[in-house]
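Written below as structure tokens is the structure these notes are about.
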Amino acid sequence: MSKVGEFHFVSESYLLDFRGRVTIPMMGNYLLHASSTHAEQRGFGFNAMASQGCAWVLSRMVIEMKSYPTMLQPFTITTWVEDANKLFTSRCFAIRNAEGEAMGYCRTLWAAIDLESRKPTDLARLDNNLHSFIVDEPCPIEKPGKIQAAEKDTEGEPYKVRYSDLDVNGHFNSIKYIEHLLDMFDLSMFADKEVSRFEIAYMAEGKYGMEMFLHKKEIDPLRYVTSICDKDGKAICRAEITWK
């Protein structure tokens with residue numbers, strides 16, 4: 001089986017925003033579908049991890065988009081494992097249109113956690129094929145870096161985690177973080193501009209009923225830092241968003 005996975009999609013109308021384009025959160029869902037299918041087919045996906053009492057947790061994600069799929073536009077996502085060490089594995093993605101032109105790229109960083117203790121698991125101790133599928137192919141976007149704390153001098157918008165925010169593990173869905181952060185921007189921002197780079201660091205798990213506060217701060221023209229904090233002010237995620 002090839003080390004690189006290739007997945008084909010067509011953007012449907014019910015998955016588009018008011019501009020008729022795929023959103024960053026929806027693109028995130030496509031990317032996670034590709035990664036989970038790629039891993040499952042090669043023996044280190046959800047079922048293989050669950051059988052060992054573990055689960056993959058997304059730690060970092062950075063997406064850079066040159067253009068977004070529109071109505072009924074076919075596009076392809078290729079994905080490969082770039083690296084793996086004791087605690088983390090990195091995965092890359094390329095998004096291309098039907099002509100093979102690059103629409104965007106993505107990097108993700110994953111950790112394995114014990115389902116009972118919720119603590120990190122040594123990847124070398126797991127019985128899977130992960131290390132057999134590492135590909136020495138660079139991803140043409142910068143690796144995730146440190147993100148400034150938006151919560152230090154901004155007032156947060158309150159939010160409580162609801163049923164629709166939860167994932168299969170019963171915790172705050174990684175894409176829902178992105179949705180709520182983008183919802184802090186006015187609709188006119190989306191009408192006039194595009195998100196060219198979205199980088200997020202997941203720092204703690206959100207749970208049902210948790211009271212949270214969403215923060216946003218402009219650090220440069222068209223560049224913002226955002227965060228989601230618990231009621232005690234501790235960040236559970238931070239993100240940096242660049243518009244064009």
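Remember, it's a predicted structure, so these values are computed and weren't measured experimentally.
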* By side-chain hydrogen bond (donor to acceptor under 3.5 Å, both in side chains), which residues pair with R197, not counting sequence neighbours? ->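 By the side-chain hydrogen bond (donor to acceptor under 3.5 Å, both in side chains) rule, R197 matches E64, E199.
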Quick check: does any side chain N or O of [X] sit under 3.5 Å from a backbone N or O of [Y], one acting as donor and the other as acceptor?
X    : Y    : result
D186 : S188 : yes
T108 : R91  : yes
H38  : K3   : yes
S11  : Q73  : yes
D17  : T23  : no
E40  : F46  : yes
Q52  : D127 : yes
K217 : T154 : no
S196 : M65  : no
K244 : K66  : yes

Does some side-chain heavy atom of [Y] sit less than 4.5 Å from a side-chain heavy atom of [X]?
X    : Y    : result
D165 : Y159 : yes
I77  : H33  : no
I236 : K207 : no
I63  : F93  : no
L182 : V195 : yes
Q148 : E240 : no
L181 : C237 : yes
I95  : L31  : yes

Find the distance between [atom1] ([X]) and [atom2] ([Y]) and round it off to the nearest 0.5 Å.
X    : Y    : atom1 : atom2 : result
L214 : C229 : CG    : SG    : 8.5 Å
D220 : T242 : CG    : OG1   : 8.5 Å
E179 : S164 : CD    : OG    : 8.5 Å
E218 : T226 : CD    : OG1   : 13.0 Å
W243 : E194 : CH2   : CD    : 8.5 Å
E157 : H215 : CD    : NE2   : 9.5 Å

Which heavy atom in [X] sits nearest to a heavy atom in [Y], and how many Å separate them?
X    : Y    : result
R42  : G5   : NH2-CA, 4.0 Å
V62  : P144 : CG1-CG, 3.9 Å
T79  : A34  : CG2-O, 4.0 Å
R118 : L115 : CD-O, 3.5 Å
M27  : V22  : N-CG1, 3.7 Å
L87  : L123 : C-CD1, 3.9 Å

Can you confirm whether more than 12 heavy atoms, excluding those of [X], are under 6.0 Å from its [atom1] atom?
X    : atom1 : answer
E142 : CD    : no
N85  : CG    : yes
E155 : CD    : no
Y163 : OH    : no

* Asked: Does the pair C92 and E137 meet the rule for a side-chain contact (heavy atoms from CB on, under 4.5 Å), with working shown?
  -> CA-CA 9 Å; C92 297; E137 181 178 338; over 6 Å; no
Is there a path of hydrophobic side-chain contacts, each under 4.5 Å between heavy atoms, that joins [X] and [Y]?
X    : Y    : result
W110 : M203 : no
M184 : I175 : yes
L72  : M103 : yes
I228 : F185 : yes
L32  : V4   : no

* Asked: Is the distance between the ring centroids of H171 and Y202 under 6.0 Å?
  ->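 No; Y202 has its ring centre 6.0 Å or more from that of H171.
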* **Full working for ring pair (Phe, Tyr, Trp, His ring centres under 6.0 Å) between H180 and F172** => CA-CA 11 Å; H180 294 313; F172 203 10; 5.8 Å; yes
* Report the C-alpha separation of M49 and W56 in whole Å, then their side-chain angles, then the decisive distance to 0.1 Å, and conclude whether the side-chain contact (heavy atoms from CB on, under 4.5 Å) test is met. => CA-CA 8 Å; M49 296 292 283; W56 289 115; 3.4 Å; yes
* Asked: Would you call the rings of Y30 and F75 parallel, tilted or perpendicular if under 30° counts as parallel and over 60° as perpendicular?
  ->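 Correct class here is perpendicular.
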* Go through S90 and R107 one step at a time and tell me if the side-chain contact (heavy atoms from CB on, under 4.5 Å) criterion holds. => CA-CA 7 Å; S90 58; R107 281 182 182 270; 5.6 Å; no
* Asked: Run the side-chain contact (heavy atoms from CB on, under 4.5 Å) check on D83 and F88 step by step: do they pass?
  -> CA-CA 8 Å; D83 191 18; F88 294 100; over 6 Å; no
* Decide, yes or no, whether a salt bridge links K143 with E82 under the criterion of side-chain N to carboxylate O below 4.0 Å. =>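 Looking at E82 together with K143, the answer is no, because their closest N to O distance does not fall below 4.0 Å.
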